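The structure under discussion appears below in the form of structure tokens.
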Number of protein chains: 2
Amino acid sequence: MKKLTKRQEEILNLIKAHIINLGFPPTRADIARSLGFKSPNAAEQHLRAIEKKGFIKILSGASRGIVLNDNENDQIPVIGLVAAGGPILAEENVEKTIPRSNNLLSSDIDYYLRVKGDSMVDIGIFEEDLIGVSKSADTKVGSVVVARINNEVTVKTLIEMSQNKVVLRPENQKYDDIIVNPQVEELAIEGSCVALLRETI
Amino acid sequence: MKKLTKRQEEILNLIKAHIINLGFPPTRADIARSLGFKSPNAAEQHLRAIEKKGFIKILSGASRGIVLNDNENDQIPVIGLVAAGGPILAEENVEKTIPRSNNLLSSDIDYYLRVKGDSMVDIGIFEEDLIGVSKSADTKVGSVVVARINNEVTVKTLIEMSQNKVVLRPENQKYDDIIVNPQVEELAIEGSCVALLRETI
DNA sequence: ATAATTACTGTAATTATATACAGTATATTG
DNA sequence: CAATATACTGTATATAATTACAGTAATTAT
């Protein structure tokens, strides 16, 4: 999908804000008034351009007939099994998506990851649970993190992190700590867990 | 708030459906067409009646200027500590509410209950977690239920349920099974847990 | 018993809105 | 270098939409 210009983005945001605030889209005149245009036709032409780029649909003849097209940015992907090698958010890993507006958790969640295995049961993270992962939340010692070790994705508690030693702890006595030297093995902290979701318990 | 008549409710539902389907409210003519009125004024007068009863606000002069007023039915209450004696959903127990539309869990959740204590940690239910409770979901042996025993509310696994013996199991070796004779003690199964929510783990 | 509410038809006027047409000027792309 | 896109002004008009007014008839409150 073609990118919007700065001005077009401004107009799209105005439409979204209008819908959130009042419950329905603005008219051409509303848009013109908000942005200081002296002609409603300026708004009309912007709308046509935004429609052409695929962000909205204009229903002809209907007043306020501006329909927002589904935008991938408004969807939080739910990641199932992560294929070895590729990036977590690769399309083939996406099990489904959840509209961001339907997110009752306050935190900033980039994706949900479906938990495999029993390595975190001691802190109440069970197989098939969904973990809300934030890429930006700061990962400090004690955080539950999503890590990638030699292209394998795993969820563990971060215990120690220094230049040549990273310790990741499974929260299950059955398993031992994972000790990695990031200068020898490939290691990346993909994000940290900020939420947990479980259905039909 | 005064109750709507059957016809008024029909119209309110039509408005809501229109907003969900198209993203903006219907016009008087849209409503008339949908319900078979021969005059848009029929819709107009219904809208005025619905507004008078407090369910919508009509913005004068604006096309499609129908604003839905917040409705408590669209909010899921989050229950904190349950005061001994009173009903779970009593107002003083409601910590906050979450709009039902922001519910990414498919199940039918009547309220969220904040977990107190560690009696369910073995199945990953921790203190401060939020449990999604359904009053209508069938409670069978093996379900995690919200039970009220002698006016005390508790979350446990239902192990046995017969006429004169109900067994509720805390999922923590530290605690023993609770065995209740419902013909002697007061017992009510308030609902069963269909979801779990945890923030900032 | 009377007033108010509910539930409409039918008409019409005013205003709100979409949208076409004619321009101007600058920036970007093929 | 021409064509296309961006970003508007300015005017005009058909039509979409609100909304007032005048009725009818049945039901429900006071």
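Remember, it's a predicted structure, so these values are computed and weren't measured experimentally. In the text below, chain A, chain B and the rest are named by the order of the sequence lines, each starting its count at 1.
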Quiz prompt | Rounded distance in Å - CD (Glu9(B)) to C1' (dT6(C)) | solution = 15 Å
Quiz item: OP1, OP2 of dT17(C) versus side-chain N and O of Ser63(B): anything below 4.0 Å?
Solution: yes
Quiz item: Taking the side chain as C-beta and beyond, is there a heavy-atom pair between Thr157(B) and Pro170(B) under 4.5 Å?
Solution: no
Exercise. Could you tell me the separation between the CD1 atom of Ile66(A) and the C1' atom of dT17(C), rounded to a whole number of Å?
Key: 11 Å
Quiz item: Knowing that exactly one of Leu130(B), Ile125(B), Leu196(B) qualifies, which makes a side chain to side chain contact (heavy atoms under 4.5 Å, CB included) with Val115(B)?
Solution: Ile125(B)
Quiz item: Given atom CG of Leu4(A) and atom P of dA5(D), what is their separation to the nearest angstrom?
Solution: 15 Å
Practice problem: Give me the bend of the helix from dA1(C)-dT30(D) to dG30(C)-dC1(D), using the axes of the five pairs at each end, rounded to 10°. | Solution: 40°
Self-check item: Salt-bridge contact Arg7(B)-Glu10(B) (side-chain N to carboxylate O under 4.0 Å)
Solution: yes
Self-check item: Whole-Å gap separating P (dG10(C)) and CD (Glu44(B))
Solution: 18 Å
Self-check item: Side-chain donor/acceptor of Arg64(B) to backbone N/O of Pro25(B), under 3.5 Å
Solution: yes
Quiz item: Roughly how far apart are Arg169(B) CZ and Met120(B) CE, rounded to 0.5 Å?
Solution: 10.5 Å
Quiz item: Within this structure, what is the CG-to-C1' distance between Leu47(A) and dA18(C), rounded to whole angstrom?
Solution: 10 Å
Find every protein N or O atom lying less than 3.5 Å from an N or O atom of nucleotides 28-30 of chain D, and list the pairs.
none

Quiz item: Say you draw a straight line from CD1 of Ile109(A) to CD1 of Ile131(A); how long is it, rounded to the nearest 0.5 Å?
Solution: 11.0 Å
Quiz item: Which letter, B, S or -, goes with each nucleotide of nucleotides 6-15 of chain D from 5' to 3', with contact meaning a protein heavy atom under 4.0 Å?
Solution: SSBBB-----
Quiz item: Taking atom NZ of Lys140(A) and atom CE of Met161(A), what is their separation to the nearest 0.5 Å?
Solution: 11.0 Å
Quiz item: Which of these nucleotides, dT19(C), dA17(D), dT17(C), is closest to any side-chain atom of Ile58(A)?
Solution: dT19(C)
Exercise. State whether Arg28(B) places a side-chain N or O below 4.0 Å from either non-bridging phosphate oxygen (OP1 or OP2) of dA17(D).
Key: no
Quiz item: Counting distance only, does the side-chain N/O of Glu51(A) pair as donor-acceptor with the main-chain N or O of Ile58(A) below 3.5 Å?
Solution: yes
Quiz item: Salt-bridged, Glu128(B) to Lys116(B), with N to O below 4.0 Å?
Solution: yes
Exercise. Starting at CD of Gln8(B), measure out to CD of Gln45(B) and round the result to the nearest 0.5 Å.
Key: 11.5 Å
Self-check item: pair Ile31(A)-Leu47(A): side-chain heavy atoms closer than 4.5 Å
Solution: yes
Quiz prompt | Arg48(B) side-chain N/O to dT19(D) phosphate OP1/OP2 under 4.0 Å | solution = yes
